[in-house]
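This report refers to the structure that appears directly beneath it.
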Amino acid sequence: MDHRFTFSIFTMEINGRPTLALQAKRHADAERMCEHDGLRAKLSTITSHGTPLCDANATMKLRLATADEAGLYRRATQSIEPSGDTNVVYLVDLDESDLG
């Protein structure tokens, strides 16, 4: 039996809105990345249409990405050099000030 895993693409919904996509081997690995306190703090500083992506009361849910979301992730990361860092692709329009 082959125990190697392929990477899956997961979507984080914030308050029911598909907000970002990331890649991980297992759902549990993706959950650990998303449960990191620093992620919530960072998302609270990024805005879309003037509203922070996340606040202290936001509900965050992780699920497998849809085919469209996975396609967006792949297109956005296809030219990025592989590294040990987790690439995050935002599925919402970010305000100009957050793009730098």
Look up atom OG1 in T77 and atom CG in L72, then write down how far apart they are to the nearest 0.5 Å. 10.5 Å
Beyond-backbone contact of C34 with L22, side-chain heavy atoms, under 4.5 angstrom: yes
When every non-hydrogen atom of A30 is compared with those of F10, the smallest separation belongs to CB-CD1, 3.6 Å
Could you check whether any side-chain heavy atom of Y73 comes within less than 4.5 Å of a side-chain heavy atom of N87, counting everything from C-beta outward? yes
Between CG on residue D55 and OG on residue S44, distance to nearest 0.5 Å: 8.5 Å
Test side chain to side chain contact (heavy atoms under 4.5 Å, CB included) on R17 and I14 and set out the steps. CA-CA 5 Å; R17 180 181 183 194; I14 300 176; 5.6 Å; no
Could you give me the CA-CA distance, side-chain angles and deciding distance for L62 and M33, then say whether side chain to side chain contact (heavy atoms under 4.5 Å, CB included) is met? CA-CA 10 Å; L62 188 70; M33 288 182 246; over 6 Å; no
What's the spacing between L20 CG and E13 CD if we round to 0.5 Å? 10.5 Å
Measure the spacing between OG1 of T19 and CE of M60 and express it to the nearest 0.5 Å. 8.5 Å
If we ignore hydrogens and angles and just use 3.5 Å, is the side chain of N15 paired with the main-chain N or O of A58 as donor and acceptor? no
For a quick test of reading the model, state the closest non-hydrogen atom pair linking A70 to A65 and the distance between them. N-CB, 4.0 Å
Heavy-atom nearest pair, P18 first then L91, reads O-CB, 3.8 Å
Can you check whether D93's main-chain N or O pairs, donor with acceptor, with S48's side chain at less than 3.5 Å? yes
Indicate the atoms forming the closest heavy-atom contact of G50 with D95, along with that distance. N-OD2, 2.8 Å
Which value, rounded to the nearest 0.5 Å, describes the distance between E96 atom CD and T47 atom OG1? 10.5 Å
Partner of R63 under side-chain contact (heavy atoms from CB on, under 4.5 Å), picked from M12, E69, H27, is E69
Between atom CZ of F7 and atom CG of D29, what is the distance when rounded to the nearest 0.5 Å? 8.5 Å
Hydrophobic cluster membership, V89 vs V92, 4.5 Å side-chain cutoff: no
